[in-house]
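Read through the structure below, which is laid out as structure tokens, and then see the notes.
Letters go in sequence order (proteins before strands), and every chain restarts at 1.
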Amino acid sequence: MRVTLNGKQVDLADDIVSVSGLLSAYQLREKIVVVEVNGEIIDRSCYDTKAIADGDRIEIVHFVGGG
Amino acid sequence: MDTLKIGPYEFRSRLLLGTGKFADLDTQKKAVDASEAEILTFAVRRLNLDNPNEPNFLEKLDLKKYTLLPNTAGAQTAEEAVRIARLAKASGLCDMIKVEVIGDAKTLLPDPVGTLEASRRLVEEGFIVLTYTNDDPVLAKRLQEVGVHAVMPGASPIGSGQGILNENNLRFIIEDAKVPVIVDAGIGSPADCAKAMELGADGVLLNTAVAQAKDPVLMAEAMKLAVEAGRKGFLAGRIPKKRYASASSPTEGMIE
């Protein structure tokens with residue numbers, strides 16, 4: 001499946017079907033990140049159940065140094 | 001005890017520190033320690049998925065010791081600021097937000113219309129809102145009318161180090177404020193911090209002046225002391241300025 005991830009076109013492996021799966025694939029399960037799918041912020045408690053579909057626009061953001 | 005109260009929160013330190021532009025994470029950690037700041041600002045950005053394990057400053061911090069103040073930097077409209085604020089809050093780490101809506105790329109001065117609108121919406125959504133604003137006393141008033149928890153007028157343009165350019169306006173804002181006034185942006189030196197606090201500001205937020213100093217750790221300590229000195233000076237009440245001299249030693253009992 002092809003999604004737009006942080007602004008880039010990315011082909012995801014077939015076994016990635018949920019937000020949890022996506023975060024695991026990038027080794028981000030232990031990191032402090034926030035996920036937005038098609039403009040909707042996904043609550044942490046929904047990572048396992050939130051399905052990812054072809055064409056989704058996904059943002060994974062975190063805190064960086066700033067003033 | 002003299003504390004800084006912002007919404008439901010209370011702080012001993014009146015120095016708020018930004019976390020951008022430090023040369024390395026180790027220096028940054030030492031500077032944060034030396035500043036004794038309790039509120040640290042952060043920006044919200046896309047994670048670099050080409051290097052997801054890049055070290056991150058947040059991971060170096062004992063998060064129980066600090067209150068995080070994410071900013072909406074990068075937003076040029078109220079909508080963008082609201083989106084960033086919601087993302088920040090969804091981290092589960094904080095409900096404070098520094099509203100920052102920039103209206104001009106060269107001066108990085110805030111867009112007053114977008115700033116007011118974003119602040120209004122985020123107050124409605126239950127955020128603790130600290131708004132970075134122009135040093136405009138009327139806008140500061142409007143922001144308080146929509147319920148912000150602190151107003152943060154700039155001393156001068158972000159990162160410019162020019163210090164306080166419009167002391168008069170800052171004084172007007174401070175005199176009328178019903179919420180804390182935190183002078184944010186443009187601070188260059190400890191003298192600027194002390195000046196802001198002597199004018200009666202409730203706090204100072206700075207970043208570049210520490211991060212880009214020759215010795216950021218020493219400068220962080222200097223800023224901390226300057227904020228404390230300025231605050232104490234304000235509370236103590238300075239003497240009025242007089243046109244002519246007035247002797248400090250007794251004029252009586254002179255040896256003749």
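Taken from CD1 in A/I58 to CG in B/L49, the straight-line distance is 10.0 Å, to the nearest 0.5 Å. Within the model, atoms OG1 of B/T41 and CZ of A/F63 stand 11.0 Å from one another, a figure rounded to the nearest 0.5 Å. Once rounded to the nearest 0.5 Å, the distance linking CZ of B/R45 with CG of A/N6 reads 12.5 Å.
Contact of A/V64 with chain B is made through backbone and side chain together, with heavy-atom distances under 4.5 Å. Heavy atoms of B/K21 lying under 4.5 Å from chain A are absent altogether. Contact of B/D50 with chain A is made through the side chain alone, with heavy-atom distances under 4.5 Å. For A/V34, the part lying under 4.5 angstrom from a heavy atom of chain B is the side chain only. Contacts between A/Q27 and chain B at a heavy-atom distance below 4.5 Å involve backbone atoms as well as side-chain atoms.
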Below 3.5 Å, can you tabulate the donor-acceptor pairs from side chains in residues 81-94 of chain B to any protein atom, sequence neighbours excluded?
| residue | atom | partner | partner atom | Å |
| --- | --- | --- | --- | --- |
| B/R83 | NE | A/E36 | OE1 | 3.3 |
| B/R83 | NE | A/E36 | OE2 | 2.9 |
| B/R83 | NH2 | A/E36 | OE1 | 2.4 |
| B/R86 | NE | B/E125 | OE1 | 3.1 |
| B/R86 | NE | B/E125 | OE2 | 3.3 |
| B/R86 | NH2 | B/E125 | OE2 | 2.6 |
| B/S91 | OG | B/A88 | O | 2.6 |
| B/S91 | OG | B/L93 | N | 3.1 |

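Enclosure of atom CD in A/Q9 by more than 12 non-hydrogen atoms of other residues, nucleotides or ligands within 6.0 angstrom is indicated.
At a heavy-atom separation below 4.5 angstrom, chain A is approached by B/N53, B/E54, B/N56, B/L58, B/E59, B/L63 within residues 53-66 of chain B.
Closest heavy-atom contact between A/L28 and B/P52: CD2-CB, 3.7 Å.
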